[in-house]
Amino acid sequence: MEKKIINFTYEEYSSKEDLNEADRELLEQAHVAVTTASPQFSHFNVGAAARLSDGKIYRSSNKENTSIITCAEQNLLLYLHSIFDKFTMESIAVSFQNMNPGTNSDMPITPCGKCRQLLLEAEDDGGKPIRVIMAGQSGKVYVATGVYSMLPLAYSKAMLQQD
Ligand SMILES: [Zn+2]
């Protein structure tokens, strides 16, 4: 038996003001997306904004109704898959605002496991590591480059194609 270690490296910024201009712009678009969320049960508003290789930015947010509960990142990816045969995502920013009384929204939010898997597949399809910017309304910002780094021992399409 041999113990293995997987390292995870990410950047931590003390505030969005320390980000480069492109990342800050994308995060501000994620903040706009937060205002379009409609999570009627959780009241946990999440927004996501992605920059594609052509420089254009797309936004989405989380939705909840009696039959559907979907994440902002998932909605954004499904939308992109519905309008493009193929796309390369350069970066995605995710933010949130917890609308429940007495809660704090000033720490980074991170994509759930399902969304990491969806982002991983978008990264594989795009052929380029995606920059993932994670933040709250204010405070620290986390940035990770490459979704594989956020999903150790990831299950990917490559496994389906092995002989
Ligand atoms: Zn999710």
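All values reported here derive from a predicted model rather than from experimental measurement. Just follow the structure's listing: the first ligand is 1, and inside any ligand the first atom is 1.
Protein atoms of type N/O/S that fall under 2.8 Å from the Zn ion (ligand 1) number 3 in this view.
Of the N and O atoms on the side chains of N98 and S105, not one donor lies less than 3.5 Å from an acceptor on the other residue.
The side chain to side chain donor-acceptor pair (under 3.5 Å) pairs that include a residue from residues 33-42 are T36-S61, S42-E64, where partners are two or more places apart or lie in different chains. Within the structure, side chain to side chain donor-acceptor pair (under 3.5 Å) pairs that include any residue of residues 119-128 comprise E90-K128, Q117-E121, D124-Y148, D125-K157 (at least two apart or interchain).
Remark: E12 engages K140 in a salt bridge (Lys or Arg N to Asp or Glu O under 4.0 Å) (not counting sequence neighbours).
A salt bridge links R51 with E25: at least one charged nitrogen is closer than 4.0 Å to a carboxylate oxygen.
Atom CD of E17 has more than 12 heavy atoms from other residues, nucleotides or ligands within 6.0 Å.
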